[in-house]
Amino acid sequence: MDAAKIDIAKIDVAKIKSRALSLAEEMTRLRRHFHENPELPWQEMETSRLIASKLEELGLNPQIGVGDQPVGVVADLAGNASGPCVALRADIDAFAITEETDVPYKSCKPGVMHACGHDGHITMLLAAAKLLSEMKDQLPGRVRFIFQPAEEHGYRSGAQAMINDGVLEGVSSIAGMHLWSDIPSGKAQWRAGPTMASADGWKVVFKGKGGHGAAPHVAIDPTLAAAAFIFAVQTLVSRETNPLETVVVSVGKLESGRASNVIPELAEMVGTVRTFNRAVRDGIEERFQRMAEGVGATYRCKAETRYEGLYPYPVVNDAALTRLFRDTAVRVVGEENLGEAPLRMSSEDFSFYQAEIPGCFFFVGSGNEAKGCAAPHHSPHFNIDDDSLPTGVALLTSFACAMLGSKKGEIEG
Ligand code: NI
């Protein structure tokens, strides 16, 4: 084994854990500050400034901004220059929802809330940067800290923008994590291969001919086509996809008409498609348009469709890197607190990084019923258990060390 490599058995996990624990109070304060001051996707200006100032305190040279937007922060920690560069990524944006908790650090902005735990992600990555900075002389390579905006945006992914900006240049592997409210605080989960779904958005407008509800024969009823399409589109799942694959097609909104006795001109629907397999996802896109046009034609309507890949790649964890994570994590949280994650149909734009380089996305429990931290993500009652933060920091820090000891996510032996 190369002398510069870290043998994961030699990573001083006990020291990393105790340093992470010693930052608990400071992290709780900072996490609550971010929670109280949330910013929507692509508007994370204050958040980015505070992240950068914290990184400067560590002696790093953070760069703010992605593309022409003044949000998002990247900083490199240089250990041994000849070693590999690995990346740790946190998402930093909040969600468009009004908070309904009664915590003293409740969001100060109506309609904006850290309802997904990204306030915790920022805090943990800053603390991991601190711990890794303290051990930089022993690091056999570089660590890039990526504070990514706009994970929740959907149509304009922050991950894609950062990749376009070159954030992965020279990076051999990347790790990301999500706090998860249905996993108890103190526990963690890993999963190899497909882990979270791709997410597409679609829209169909059926165009008919308006008329009186009492004379349908002289009108063309687009609501009928829409109703037929709602049923028909499910056969893309049940009749046109291999039953061993997983696909969800959902209609989220249907709008047509305003009055009880009027046949409207238009019926409009929007929805989502989720799957774990890129080929399956591409197949659905093709068939979707054919079905909308066919159903429209059956009922004399014209169908206009739009099909957009929001997060067109599923989150797929590199097998070797995930094994490395599991072997590291078992030393951090113990076998009894580590489990295999179930497949999740929710999506994450971490998948964009994984389409470029090997990546591992893992889950850290933030749930604690007794502390009122059990509401699902994106709920107005969502909150995290701050005691979960040291666990996440110890995992991020230890895993960064482990990744530096392995080339391109591969483990020796
Ligand atoms: Ni999230």
Stepwise ring-ring contact (aromatic ring centres under 6.0 Å, His included) test for Phe288 and Phe229: CA-CA 10 Å; Phe288 185 86; Phe229 183 74; 5.6 Å; yes
Run the numbers on His114 and Phe34 for ring-ring contact (aromatic ring centres under 6.0 Å, His included), then give the verdict. CA-CA 8 Å; His114 268 296; Phe34 285 123; 7.3 Å; no
Before you tell me yes or no, could you show the steps for Lys209 and Asp221 under salt bridge (Lys or Arg N to Asp or Glu O under 4.0 Å), namely the whole-Å CA-CA distance, both residues' side-chain angles and the distance that decides it to 0.1 Å? CA-CA 7 Å; Lys209 187 174 149 203; Asp221 187 356; over 6 Å; no
Side chain to side chain contact (heavy atoms under 4.5 Å, CB included) assessment of Arg191 paired with Thr322: CA-CA 7 Å; Arg191 187 176 181 90; Thr322 305; 5.9 Å; no
When you look at Arg89 and Glu348, which way does the salt bridge (Lys or Arg N to Asp or Glu O under 4.0 Å) test go after all the steps? CA-CA 12 Å; Arg89 169 271 203 178; Glu348 240 290 342; 3.0 Å; yes
Go through the steps to decide whether Lys371 and Asp387 satisfy the test salt bridge (Lys or Arg N to Asp or Glu O under 4.0 Å), and finish with yes or no. CA-CA 10 Å; Lys371 293 184 185 170; Asp387 289 339; 2.5 Å; yes
In sequence, state the C-alpha distance, the side-chain angles, and the governing distance for Val247 and Val273, and then conclude on side chain to side chain contact (heavy atoms under 4.5 Å, CB included). CA-CA 7 Å; Val247 183; Val273 174; 4.2 Å; yes
With salt bridge (Lys or Arg N to Asp or Glu O under 4.0 Å) as the test, would you mind laying out the steps for Asp12 and Arg331 before giving the verdict? CA-CA 10 Å; Asp12 194 346; Arg331 298 189 53 222; over 6 Å; no
How far apart are the C-alpha atoms of Leu88 and Met403, what are their side-chain angles, what is the distance that settles it, and do they pass the side chain to side chain contact (heavy atoms under 4.5 Å, CB included) test? CA-CA 10 Å; Leu88 299 177; Met403 285 199 294; 4.1 Å; yes
Mind running side chain to side chain contact (heavy atoms under 4.5 Å, CB included) on Leu60 and Asp76 for me, showing each step along the way? CA-CA 7 Å; Leu60 302 181; Asp76 275 10; over 6 Å; no
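Proximity of a side-chain donor or acceptor of Glu44 to a complementary backbone N or O of Trp42 within less than 3.5 Å is detected. A donor-acceptor pair is defined here as one N or O able to donate and one able to accept, closer than 3.5 Å; such a pair exists between the side chain of Ser181 and the backbone of Ala375. Under a 3.5 Å cut-off, the side chain of Ser157 and the backbone N or O of Ala159 do form a donor-acceptor pair. Checked by atom type and distance alone, the side chain of His153 pairs as donor or acceptor with a backbone atom of Arg156 at under 3.5 Å. In this structure, Ser172 contributes its side chain and Cys85 its backbone to a donor-acceptor pair below 3.5 Å. In this structure, the side chain of Asp93 engages the main chain of Glu151 through a donor-acceptor pair within 3.5 Å. Put simply, the side chain of Glu293 never gets that close to the backbone of Lys302: no donor and acceptor are under 3.5 Å apart. Although no hydrogens or angles enter the test, the distance criterion places a donor-acceptor pair under 3.5 Å between the side chain of Asn368 and the main chain of Ala370. No donor-acceptor pair under 3.5 Å is formed between the side chain of Thr328 and the backbone N or O of Ser398. With Thr235 contributing its side chain and Phe231 its backbone, the two residues share no donor-acceptor pair below 3.5 Å.
Between His377 and Asp182 the shortest side-chain heavy-atom distance does not fall below 4.5 Å. Using a 4.5 Å heavy-atom cutoff, the side chains of Met162 and Val74 are in contact. Taking the side chain as every heavy atom from C-beta outward, Thr246 and Met345 approach each other to under 4.5 Å. You'll find the side chain of Ile163 reaches within 4.5 Å of the side chain of Glu356, heavy atoms only. When side chains are defined from C-beta on, Ile384 counts as touching Leu389, because their heavy atoms get closer than 4.5 Å. Using a 4.5 Å cut-off on side-chain heavy atoms (C-beta onward), Glu255 and Met269 make no contact. Annotation: side chain of Val248 is not in contact with side chain of Thr275 (no heavy-atom distance under 4.5 Å). For the pair Asp318 and Gln354, the minimum side-chain heavy-atom distance is 4.5 Å or more.
Each of His33, His118, Glu39 was checked for a side chain to side chain donor-acceptor pair (under 3.5 Å) with Thr47, and the lone residue meeting it is Glu39. For the pairing with Glu99, the side chain to side chain donor-acceptor pair (under 3.5 Å) check across His381, His35, Lys106, Lys109 returns one residue only, His35. Exactly one of Ile51, Leu55, Val73, Val71 qualifies for a side-chain contact (heavy atoms from CB on, under 4.5 Å) with Ile64. That residue is Val73. Residue Tyr105 forms a side chain to side chain donor-acceptor pair (under 3.5 Å) with just one option from Asn37, Thr28, Asp119, Asn383, and that option is Asn383.
Contact detail for Val332 and Ala394: the closest heavy-atom pair is CG1-CB, 3.7 Å. The shortest non-hydrogen separation linking Pro216 to Ile263 is CA-CD1, 3.6 Å. Shown here for Ala20 and Met27, the closest heavy-atom pair between the two residues is O-CE, 3.5 Å. Summarising the geometry of Ser379 relative to Ala115, their closest heavy-atom pair is O-CB, 3.8 Å, with the distance given to 0.1 Å. The minimum heavy-atom distance linking Pro380 with Met113 is given by the pair O-CE, 3.5 Å. Here the closest non-hydrogen pair linking Gly166 and Arg144 is O-NH1, 4.3 Å.
A donor-acceptor contact closer than 3.5 angstrom is absent between the side chains of Gln148 and Asp91. Checked by atom type, the side-chain pair Thr223/Ser256 shows a donor-acceptor distance below 3.5 Å. Side-chain N/O atoms of Thr195 and Asn317 include a donor and acceptor closer than 3.5 Å. Defined by atom type and a distance below 3.5 Å, a donor-acceptor pair is present between the side-chain atoms of Tyr307 and Asp200.
For Gln234, the CD atom is densely surrounded, since the number of other residues' heavy atoms within 6.0 Å is greater than 12. By the neighbour-count criterion of 12 heavy atoms within 6.0 Å, atom CD of Glu369 is sparsely surrounded, having that number or fewer from other residues, nucleotides or ligands.
Under a cutoff of 6.0 Å and an axis angle of 45°, Arg344 and Phe363 form a cation-pi pair. At least one cation-pi condition fails for Arg323 and Trp190: the charged atom is not both under 6.0 angstrom from the six-membered ring centre and inside a 45 degree cone around its axis.
Using a 4.0 Å cut-off between charged side-chain N and carboxylate O, Glu268 and Lys203 make a salt bridge. Remark: Glu240 engages Arg290 in a salt bridge, criterion side-chain N to carboxylate O under 4.0 Å.
With values rounded to the nearest 0.5 angstrom, Leu132 atom CG is found 10.5 Å from Gln138 atom CD. Between Leu396 atom CG and Met177 atom CE the span is 5.5 Å, to the nearest 0.5 Å.
The aromatic rings of Phe362 and Phe399 stand perpendicular to each other, their planes meeting at an angle above 60°, with 30° marking the opposite boundary.
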